[in-house]
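The structure under discussion appears below in the form of structure tokens.
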Amino acid sequence: MNVPADLLYTKSHEWVKIDGDVATIGITDHAQSELGDIVYLDLPNVGRALRAGEILGSIESVKTVSDVYAPISGEVTDINEIAKMSPENVNSDPYGDGWLIKVKMTGKADGDLMNAEAYEQESAH
Amino acid sequence: MPTKVVPAPKLIFEKSSPGRVGCNLPKADTPAVNLEATLGGVRKELNLPEVSELDLLRHFTNLSHINYGIETGFYPLGSCTMKYNPKINEVVAANPGFTGIHPMQPIETVPGALEVLAQVQDILCEVTGFDEITLQPLAGAHGELTCLMLIRAYHHSRGDSRRTVILVPDSAHGTNPASAALCGYSVRSIATNADGNTDLEALKAALESDVAGLMLTNPSTLGLFEPNIEEICRLVHEAGGQVFCDGANMNAMVGTTRPGDHGFDCMHLNLHKTFSTPHGGGGPGCGAIGLKSHLEPFLPQPVLRRSPLGKPELLTERPQSIGRVSGFFGQFLMEVRALAYLLAYGKSGLPQISRHAVLNANYVMARLKEVLPAAYDRPCMHECVLTAQRYKKGGVRALDISKRLIDYGIHPPTNYFPLIVPEAIMIEPTETECKQTLDEFCEVMITICQEAETDAELLKGAPTSQIVGRLDEAQAVKQLDVRWQPTKDECLV
């Protein structure tokens, strides 16, 4: 399973990449593999204020519809329009072209986020 | 052995040849009419196929040969009760006395039809333990919605409009939260505990003063009977809520136990599952509902009720009624089929349905235990939920096992439902299958599980025996336009 070392992770299988006060958010390789072929992304509007832990949107695959949770608090500054049009990018490149949203963080990433090692252990069982 | 590959058939449009006809119409004995002037002409862009009678016959006969249904093989699709629909139902429903009546003809000219509906209501009341039945809802989810509308009308009639939440277990059919949302409720999810039952502590915690009711499937979608059902109903009632039973799994209870006795206030039935009216493309559905007398004032109208002398009558002066939920009383000829089925079994025969359904599911679960363990290790009801998790390490998923079954000529069971079971395979054999069929199925499943360990690629590539292999499901969801378009050469315009 692909778990890049430079990202932070949630128990609900989102990843977050923090660059200054901008956080890029997506779902993990494990999550996309469990979901199967993804057909639709329901993402928040730019400008929406997110609280850590709240549902930011949902992902529909041929198998199921699954909620995506905000790993951190902040304001949505950008959504991945290309992935919205081609959701298969989330399957093929979950950490790259398949990113979901960018958020301007209001406050720090809190203690619930895991590093790659901890996430790998968490999602192994 | 896997079955042989069938060549892909051509579309009837592709078999078309300009000017070829399937029948010779007699010479017109009325004056010719100018189509251009009266109808604005004939739409040339339709490119309707032109074939002979024999072309047509072969086309549809060949298509029927690649179809799969309960009449060609075992169909263990969990949660769907794909039981055999006895042909006596069709014989009875084809009676000209039923097929020759019109929905709009005066009600006093169809006493026989009203008697059929009244008898279905009477028997379903007895089978479910409810005081009232209405046959108006047209399908299962429509029945769910109608029950929720009754619950809402009941609360409002008591001046209680603060209840805005419906509780739904995390194992529920997706239609439950959808029906609640359509009825204007928000949904609060209730966890399932380690035994596969409703988590009573989670339920208690969720039972706040805003709860209008609980939607509970019993037996649950895990195929397990809820042992605390009476306690659950008591708790919800104590908190002022109502309890709806999702009757999708009624096949496990027919003739042996009654939801009305468990404490439920209302339920829906799928006549097209439990009472053997056609199902799965053969529809239409039939979502009769049952309810206790305190919900009676709100019944959809008109209400069909027997007079003191037993004559069925339609009552329309119902000031508290939620109104009509469909134009007529469900799908009338389906009610006829259900009545034929119920009467053919008779009161003494009905328990056979649920007993054999439960026995068959437990037999399959026990025979597959070594290769596909049950998600919850306890006796099941009419269906068993197994997990294929152990094959995941080798790259084989539940879906691959199901796809491989097609190569052995068997319809796949339900996959990935309920959502709380990893790599779920849900098998519902129904009571209409014999031991030989179940044994053949189990042996195929065991073989496939051995293949999963020795030859994962075989399963990943399955099915290879059909006119199509793995479909591109993602594209099928996104690209909905499947209309045939002629190439330039084929274009007749």
Side-chain angles (χ1 to χ4, degrees), chain A residues 1-3 11-14 26-43 51 53-70 79-94 97-98 100 119-125, chain B residues 78-79 168 170-178 181 186-189 191 194 221 385 387-403 412-426 456 459-460 468-481:
Chain A
M1 195 176 59
N2 183 8
V3 184
K11 279 186 180 171
S12 46
H13 309 288
E14 291 87 11
I27 64 166
T28 65
D29 187 37
H30 173 79
Q32 70 77 20
S33 145
E34 285 296 309
L35 285 168
D37 290 342
I38 293 168
V39 295
Y40 186 74
L41 303 178
D42 181 16
L43 300 177
R51 266 180 303 120
E54 84 172 315
I55 294 169
L56 71 84
S58 62
I59 295 187
E60 185 179 343
S61 71
V62 293
K63 216 160 83 176
T64 186
V65 180
S66 206
D67 289 331
V68 183
Y69 297 88
I79 67 167
N80 188 347
E81 295 288 352
I82 295 170
K84 219 170 143 62
M85 300 232 288
S86 310
E88 60 272 19
N89 286 357
V90 181
N91 287 119
S92 59
D93 191 9
D97 289 346
L100 300 178
Y119 175 69
E120 206 154 2
Q121 276 181 4
E122 172 76 21
S123 55
H125 47 77
Chain B
S79 201
V168 179
D170 58 6
S171 61
H173 291 111
T175 50
N176 288 181
S186 50
V187 174
R188 198 171 291 156
S189 181
T221 60
V385 179
T387 171
Q389 211 174 2
R390 74 163 67 157
Y391 303 103
K392 208 170 146 184
K393 271 191 203 132
V396 171
R397 313 292 290 259
L399 182 74
D400 304 317
I401 293 174
S402 285
K403 293 288 186 194
T414 297
N415 283 177
Y416 305 120
F417 184 80
L419 300 174
I420 55 175
V421 173
E423 299 303 309
I425 295 182
M426 184 195 228
L459 272 67
K460 305 296 286 179
V468 288
R470 298 270 174 125
L471 304 177
D472 185 343
E473 293 182 52
Q475 191 180 345
V477 172
K478 283 188 290 187
Q479 203 172 316
L480 299 174
D481 184 5

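Chain letters run A, B, ... following the sequence lines, proteins first and then strands; every chain starts at 1.
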Counting heavy atoms not belonging to R470(B), are there more than 12 under 6.0 Å from its CZ?
yes
So, taking the atom named NZ in K392(B) and the one named CD in E34(A), what distance separates them when rounded to the nearest 0.5 Å?
3.5 Å
Go through the atoms of S33(A) and report whether side chain, backbone, both or neither lie under 4.5 Å from a heavy atom of chain B.
both
What residue in D37(A), V62(A), I38(A), N91(A) has the most heavy-atom pairs under 4.5 Å with chain B?
V62(A)
